[in-house]
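One structure below.
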Amino acid sequence: MIPDPLSPSLSLHAAHGLVDGLRGALAGATCPQWVGVAGDSYRSRHGEVIASVQGVLDQIQAALSLVPAFDEERNRAFARSLAAAVSQPELLALGAW
């Protein structure tokens, strides 16, 4: 089967991989070697920053989960327009669909 070049499925798969990679990197982001005021400040706000970033990643994940529904709706709209063109041969002959 030839992949549909207009379908976002390949990019969507890559985006899911990036989000998963970011979640993994975030889980391991502790920077224990940081010292001084910057290290103390980082450690004191680490939980807050992690929670904020997790929230952003959750929103990205939610947006990515909507893409297949949009793709499906695009396919249905194309099928409807094609069916309308087939029912009107003059439009089909003009390539209006």
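- Every residue two or more places apart in sequence or in another chain that forms a salt bridge (charged side-chain N to carboxylate O under 4.0 Å, His left out) with Glu48 is listed here: Arg45.
- When the side-chain hydrogen bond (donor to acceptor under 3.5 Å, both in side chains) test is applied to Glu72, the partners found at least two apart in sequence or on another chain are Arg76.
- The salt bridge (charged side-chain N to carboxylate O under 4.0 Å, His left out) analysis of residues 28-38, with sequence neighbours excluded, yields no pairs.
- For Asp20, the salt bridge (charged side-chain N to carboxylate O under 4.0 Å, His left out) criterion is met by no residue, not counting sequence neighbours.
- Note: the hydrophobic cluster containing Val53 does not contain Leu18 (ILVMFWY, side chain heavy atoms under 4.5 Å, direct or indirect links).
- Applying the ring-ring contact (aromatic ring centres under 6.0 Å, His included) test to every pair with at least one member in residues 37-63, sequence neighbours left out, gives these pairs: Trp34-Tyr42, Tyr42-His46.
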Just distance, no hydrogens or angles: give the donor-acceptor pairs under 3.5 Å from side chains in residues 57-69, sequence neighbours left out.
residue: Asp58; atom: OD1; partner: Arg23; partner atom: NH1; Å: 3.3
residue: Asp58; atom: OD1; partner: Arg23; partner atom: NH2; Å: 2.9
residue: Gln61; atom: NE2; partner: His16; partner atom: ND1; Å: 3.1
residue: Ser65; atom: OG; partner: Ala62; partner atom: O; Å: 2.6

